[in-house]
Student: 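Below are the structure tokens for one structure; questions will follow.
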Amino acid sequence: MSAPILWIAIPFISGFIILSFLRERISPLIAGSVALILALTALIIPIDTALLLGSVSIKISPSIQFFGRSFTLTTADGTILALIYGLSAIWFFGTEASGTANRFVSLGLMIVALLTASIAVEPFLFAALLLEMAAMLVIPLLVPPYQKPGRGVVRFLIYQTLAMPFILFSGWMLAGVEASPGDINTTIQAGTMLGLGFAFLLGVFPLYNWIPMLTEESPPYVVGFLLWAFPTFTVIFGLGFLDRYTWLRTSPQLSGAIQIAGLFMVASGGIFAALQKHVGRMMGYAAIAETGLLMLAMGLQSSEMLNVTFLLIIPRGLELCVWALALSIIKPKVTSLKFNDVQGIARSYPFAVTAIILAHLSMTGFPLLAGFPPRLALWQEIAGQSLSISFWIFLGMLGLILAATRTLAVFVMANENKIWQRNESWTQLIMLGLGVIGLFTLGLFPQILQQFLVNLPALFNHLGQ
Amino acid sequence: MIIEIVSWAAVGLILVTSTVMLIIHDWRINLGALALQYVAAFWLVTRHLPFVMGSTKLITGWMVVAALGMTRLSLSSEEDDTEPSSLLRGGWFRIILMCIVALVTAGVTTRIEAIIPGLGLPVIAGGILLIGAGVVHLGVTSEILRVIIGLLTLLTGFEILYAAVESSTLVAGLLSVISLGLGLAGSYLLLAGTSPPELENEL
């Protein structure tokens, strides 16, 4: 058995089988179990190392050849595979509670498989093609068959498609830059193309307008998954570029550009979130601000860059999952997620509302919650470099806190005669409860992430060494 | 010499088809022009890739056209003319845009040939023309079918240029899958909203 077959082919085929043959009720359980088993396998069994179980020797070979190119997952990738499939399992187990259609888990599993392929493919710049394929698989999830497609989904498709040519061409040009590093023109052209490619992929300011549109027009759980999965893999892909090309890694101009782009996203995301009157759009802007923080972490000129980046990535999956699940529970019961329509809903859905507020506060970096330790670490690093950047991050986070306060005020603003009642099902309660416990656990005991973070520098040859 | 002439003829065909797709709103003519565009692209791609790999792109392109055509055909006639009066209204503007694209192409083709020797002038011209036409297409419309046609046009231009620098079978295969995926995503988006919510439960 080879690692790419185990972590790419098997989940992809499983997704296809679930889509074709399995019933609605059991498919989240099956998909979640597949993802969980793959996560545990990645955690327990090292790749390319022989394990003796009784008289049987097991060895997972690291690579496979496919159309003349190799897909390789090494021992160092085990940690990231465990994280990805572990978080995917949480998303899939939560599907039934969210009321999302059956095809979410099947296509979701296929999407995660394709995204995993993007970190395994050699040469690594071909990952852009796999990211684009994954983006196209998201389309049926974003637009239910009975709903007219909105502008957000069309823009998402356009931006993701535009990203691919830029990245592939820049990859080809970067090879030329390596051959003649003194050629300033080629260097600038390659850097610009690469920047544009990643700007489209990550939805960098001002190319993120599709995110709030999608959070308004599409199922929240699907959009939450999209906002977790795609930026996570894009960041890993981007780190691969920084690791591969010395001049990119050491360029202060590029580092500055990444930080400025990140800063715009954090500040604008926070400020726009504070001005919203739609709970779904707020989640979109919070995700934008969070992506901005990821970019700020990537732009750090310090040995802590990798640790801070991955420290941000892990809670992001949980925060978005809890937030999106809670929104999915509320959405079918109200006309829309606008403030007017969700006013006083805390008395009908107290647990879902609590989950939304806690996830929101976690994304602002509120103490005791999962988002606090990574923001503290990032702020500490940033403050050492520039106080003005720290101020703008503060402004963005302040905007998010204002948004959370406004949301809370609207949720509890009900007629005094309206009685408190619980309308969430037991499944929904259990999933929300587990998510909230996870938020507090990661906030109170961030050291449990240490076992993941300690192995991450081995993923990259140069970064974080 | 003959090959060079045919290559320039392919570039001419690309200019005509992309202009037609931009100014005419009849979806049948648009998809016919797209099918012709794939023939021209096939010829330019085979300047650098083996015939078999080039023909894969042609077949994929035609499959996309067929998928989009069948989907569009299945929609009700009410949805046939979503922009009835805009045929002539923006026509001149779009022609001017295509002229700008053609001028830019003429300007940059020789410069790119100087930077990357060996690509061939017709290949560069065809690629840039399609990319430009695709961008213009995306800039002037929000109609789903036309957006997909714009993306496919842009992607075809990129494929022509990228085939000259990267001959990997995996890349060619993945790009074909992406073209096909775009066509299928477009078909899905066209169909979405045409079935009532009750049908969703049955599905």
Student: How about residues 155-170 of chain A versus chain B: which residues have heavy atoms under 4.5 Å apart?
Tutor: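 The residues closer than 4.5 Å to chain B, in numerical order, are L157(A), I158(A), T161(A), L162(A), M164(A), P165(A), L168(A), F169(A).
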
Student: What pairs with F42(B) under ring-ring contact (aromatic ring centres under 6.0 Å, His included), at least two apart in sequence or on another chain?
Tutor: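 F42(B) satisfies ring-ring contact (aromatic ring centres under 6.0 Å, His included) with F51(B) only.
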
Student: Hey, could you give me each pair passing side chain to side chain donor-acceptor pair (under 3.5 Å) that has a residue in residues 105-127 of chain B? Not counting sequence neighbours.
Tutor: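 Side chain to side chain donor-acceptor pair (under 3.5 Å) check on residues 105-127 of chain B returns no pairs.
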
Student: Heavy-atom distance under 4.5 Å to chain B: side chain of V154(A), backbone, both or neither?
Tutor: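 Contact with chain B involves the side chain of V154(A) alone.
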
Student: Heavy-atom cut-off 4.5 Å, strictly under: side chain, backbone, both or neither for V171(B) against chain A?
Tutor: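 Answer is both: backbone and side chain atoms of V171(B) are under 4.5 Å from chain A.
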
Student: Decide yes or no for L191(B) and P145(A): does some side-chain heavy atom of the first lie under 4.5 Å from some side-chain heavy atom of the second?
Tutor: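 The answer is no; the side chains never approach within 4.5 Å.
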
Student: Step by step, work out the side chain to side chain contact (heavy atoms under 4.5 Å, CB included) result for F67(A) and S168(B).
Tutor: CA-CA 8 Å; F67(A) 283 108; S168(B) 159; over 6 Å; no

Student: What part of L170(B) is in contact with chain A, defined as an atom under 4.5 angstrom from a non-hydrogen atom: side chain, backbone, both or neither?
Tutor: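 For L170(B), heavy atoms of backbone and side chain both lie under 4.5 Å from chain A.
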
Student: Please report the shortest heavy-atom distance between I139(A) and Y188(B), naming the atom on each side.
Tutor: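 Shortest heavy-atom separation between I139(A) and Y188(B) comes out as O-CE2, 4.3 Å.
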
Student: Quick one: of V135(B), V177(B), L182(B), who has the most non-hydrogen atom pairs under 4.5 Å with chain A?
Tutor: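 Most heavy-atom pairs under 4.5 Å with chain A: L182(B).
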
Student: Please determine whether the number of non-hydrogen atoms from other residues, nucleotides or ligands lying under 6.0 Å from atom CD1 of I3(B) exceeds 12.
Tutor: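 No.
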
Student: Are more than 12 heavy atoms from other residues, nucleotides or ligands located less than 6.0 Å from atom CZ of F16(A)?
Tutor: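 Counting neighbours around CZ of F16(A), 12 or fewer heavy atoms of other residues, nucleotides or ligands fall under 6.0 Å, so no.
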
Student: Can you name the closest pair of heavy atoms from A192(B) and P144(A) and give their distance?
Tutor: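 That would be CB-O, 4.2 Å.
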
Student: Can you run down the salt bridge (charged side-chain N to carboxylate O under 4.0 Å, His left out) pairs that involve residues 158-186 of chain B, sequence neighbours left out, and say none if there aren't any?
Tutor: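 Non-adjacent pairs meeting salt bridge (charged side-chain N to carboxylate O under 4.0 Å, His left out): R69(A)-E166(B), K57(B)-E159(B).
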
Student: Using non-hydrogen atoms only, which part of L189(B) is less than 4.5 Å away from chain A: side chain, backbone, both, or neither?
Tutor: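 Both parts, backbone and side chain.
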
Student: Picking from M136(A), M133(A), E132(A), R151(A), which has the most non-hydrogen pairs under 4.5 angstrom with chain B?
Tutor: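 Highest number of heavy-atom pairs under 4.5 Å: M136(A).
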
Student: Let me know if L184(B) has heavy atoms under 4.5 Å from chain A in its side chain, its backbone, both or neither.
Tutor: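 L184(B) has no heavy atom closer than 4.5 Å to chain A.
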
Student: Against chain A, work out which of L174(B), L138(B), V165(B) has the most heavy-atom pairs shorter than 4.5 Å and name it.
Tutor: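 Of L174(B), L138(B), V165(B), V165(B) has the most heavy-atom pairs under 4.5 Å with chain A.
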
Student: Is chain A contacted by the side chain of L161(B), its backbone, both, or neither, given a heavy-atom distance below 4.5 Å?
Tutor: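 Both parts, backbone and side chain.
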
